[in-house]
2 protein chains.
Amino acid sequence: MADVYRSKIVSDELSPGDRLPTEQELTEEFSTTRGTVREGLKVLVNEGLIEPARPRGYFVRRHELSYVRPQSEWRPQPVSPEMDRWMEDQTVLGREPTQHISVEIIPPPSKVGERLGIAKGDLVVARRRIRYIDGEPFNLNDSFYPYDLIKGSEILNPADIPRGSNQALADLGYEQVRAIDEVEARMPLPDEANRLQLGPGNPVLVHRVTGFTIDDRPVRCTVNVLIGSKHVMLFERSKSTKVEG
Amino acid sequence: MADVYRSKIVSDELSPGDRLPTEQELTEEFSTTRGTVREGLKVLVNEGLIEPARPRGYFVRRHELSYVRPQSEWRPQPVSPEMDRWMEDQTVLGREPTQHISVEIIPPPSKVGERLGIAKGDLVVARRRIRYIDGEPFNLNDSFYPYDLIKGSEILNPADIPRGSNQALADLGYEQVRAIDEVEARMPLPDEANRLQLGPGNPVLVHRVTGFTIDDRPVRCTVNVLIGSKHVMLFERSKSTKVEG
DNA sequence: GAGTGGTCTAGACCACGGG
DNA sequence: CCGTGGTCTAGACCACTCA
């Protein structure tokens, strides 16, 4: 069952947005029982090919990708003609972004603690953002700072910082001059799945940025969790690029 | 059931490599039927938290991440002390890499066709590589070239090109001086899942590179498909970096 | 061979949401 | 309201692999 419909989908015989037959109908089509059909459907759901929309049935998934450019902070990059062609109407442009910010003071998640070099028992400030596009969760953006660094500063305030939190950090004497980016793909953790309202078959793209001051002290670790089916990270490089001075 | 064991896993009460009780035992523990237990287990499998290893039972998954640096071609980057600390024994170093190469001449996959600007009906050369570490599939590396560009060249030969295929392309008069990188996370396509031997709950990190000559002609499109649970892409940037001249 | 998970049958009742 | 998928029961037999 799964095989038949999987190939219908990958061969474009079924297009994104198309409805599959009901479980009833599939049960008859393959002269089997509903349980078996449901197993097959679950496979396709977990492969990210279809999604159930009760009580309307199963639908072939759409993938609306938005291009995001991670390095925009330090690298204003011109949009080249080729990129334009690919991006088409897939950009975030013209859609309504909103966000929700909250701030906590917590022991750091293990990976964050390692990157910031936090001693056991020490705390970090977690500045958590959920970003929405047209009201739908789009990505998570959690920034972590050593607590003693930003004690009493505006970064603890769960409101937007117009000039950017990196600038705010710089104003405290911790300007970041270098960053390490890590990118990985995985299934969302339970907490992430909740915040992003993700069902099965929806991996996330995790982009972790650690920022360092001129004396190589890590002062910020940002964890971006991007819904895989909605983001493409984009960057450009050229042979003439000079790196590390 | 899924909830109970999920939190045991995320709270480290169960560690990577630990065995779960058998379906039998879980059925008794939750006084339910095997079908119900199996549904719960399947959820955890698809969340990437556990994996079945018949007939030994279900095990909490291990994630052995190797750091890969996509820009290494043009950006020899020093390994900084912080990175060393994170990488620990997770590097590919010391493990045995092998690869299998095959070459086809085909109509381009749609995304590749767009990026290379291939006209309808025209063909591309697909140079496909599967890379293994210690005998296990590690990633896919498929490079596509417009067929008329490299007709008769050594790139068509399904063997390793010691000086690199980019150099071979340069020798044909198509040196690449600029590239666009796209990174996304998704579930593997059926074909990719086969080649990489991926079960459910295993997303991939797709890294697509399009290379351009000095007159901005796209001459190569490489699609790297990395097993999510085995790779972290790593890059560095510094504020002084000059980009685009 | 023994024990594991993989697949299947044939029912039942519940939960949700659109018309 | 009614049709959809979501959950559950209580069985059965098969397939694989390790010791």
Side-chain angles (χ1 to χ4, degrees), chain A residues 1-9 14 16-62 135-137 187-188 190 193-194 197-202, chain B residues 1-9 14 16-62 135-136 187 190 193-194 197-202:
Chain A
M1 200 253 87
D3 296 333
V4 172
Y5 276 85
R6 185 189 298 111
S7 51
K8 287 194 187 190
I9 293 168
L14 284 169
D18 283 359
R19 213 197 94 157
L20 269 65
T22 64
E23 297 182 347
Q24 252 312 336
E25 294 164 334
L26 290 170
T27 304
E28 289 158 18
E29 178 180 345
F30 293 92
S31 359
T32 177
T33 58
R34 193 179 152 221
T36 308
V37 163
R38 277 180 61 74
E39 268 189 17
L41 288 167
K42 216 168 281 185
V43 169
L44 299 180
V45 168
N46 286 308
E47 289 176 353
L49 296 175
I50 65 176
E51 65 189 349
R54 218 178 31 158
R56 290 180 298 120
Y58 290 90
F59 293 82
V60 179
R61 276 184 55 177
R62 306 168 182 281
E136 288 189 358
M187 298 312 287
N194 285 335
Q197 294 174 29
L198 293 176
N202 275 292
Chain B
M1 199 251 90
D3 296 334
V4 173
Y5 276 86
R6 185 189 297 110
S7 50
K8 287 194 186 190
I9 294 168
L14 284 170
D18 282 359
R19 215 197 92 156
L20 269 66
T22 65
E23 297 182 347
Q24 250 318 331
E25 294 164 335
L26 290 169
T27 303
E28 288 158 18
E29 177 179 347
F30 293 93
S31 359
T32 177
T33 57
R34 192 178 153 219
T36 307
V37 164
R38 278 180 60 73
E39 269 189 17
L41 289 168
K42 216 170 281 186
V43 168
L44 299 180
V45 168
N46 286 308
E47 289 175 354
L49 296 175
I50 65 175
E51 65 189 350
R54 213 178 34 158
R56 291 180 296 122
Y58 290 89
F59 292 83
V60 179
R61 276 182 56 176
R62 306 167 182 279
E136 288 189 357
M187 298 311 287
N194 285 335
Q197 294 175 29
L198 294 176
N202 275 291

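Naming convention: chains lettered A, B, ... in sequence-line order (proteins, then strands); numbering from 1 in each chain.
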For DNA chain D, which residues in residues 44-60 of chain A have a heavy atom at a distance below 4.0 Å?
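Within this stretch, A:P52, A:R54, A:P55, A:G57, A:Y58 sit under 4.0 Å of the strand.
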
In residues 27-42 of chain A, which ones come under 4.0 Å of DNA chain C, going by heavy atoms?
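Contacts with DNA chain C under 4.0 Å: A:T32, A:T33, A:R34, A:T36.
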
State which residues pass side chain to side chain contact (heavy atoms under 4.5 Å, CB included) with [X]; sequence neighbours excluded, sorted by chain then number.
{"X": "A:E136", "value": "A:K230"}
{"X": "A:F59", "value": "A:R19, A:A53, A:R56"}
{"X": "B:P55", "value": "none"}
{"X": "B:E47", "value": "B:R6, B:V43, B:L44, B:L49"}

Please identify each residue that fulfils side chain to side chain donor-acceptor pair (under 3.5 Å) with [X], with sequence neighbours left out.
{"X": "A:Q197", "value": "none"}
{"X": "A:E51", "value": "none"}
{"X": "A:T22", "value": "A:E25"}
{"X": "B:E23", "value": "B:R34, B:R38, B:Y58"}

What is the 5' to 3' range of DNA chain D, first to last nucleotide, that sits under 4.0 Å from any heavy atom of chain B?
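Reading along DNA chain D, I get D:dC8 to D:dT17.
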
Holding to salt bridge (Lys or Arg N to Asp or Glu O under 4.0 Å), I want the full list of residues that pass it with B:D18, two or more places apart in sequence or in another chain.
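By the salt bridge (Lys or Arg N to Asp or Glu O under 4.0 Å) rule, B:D18 matches no residue at all.
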
Nearest-0.5 Å distance that lies between atom CE in A:M187 and atom CG in B:N202:
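It is 9.5 Å, given to the nearest 0.5 Å.
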
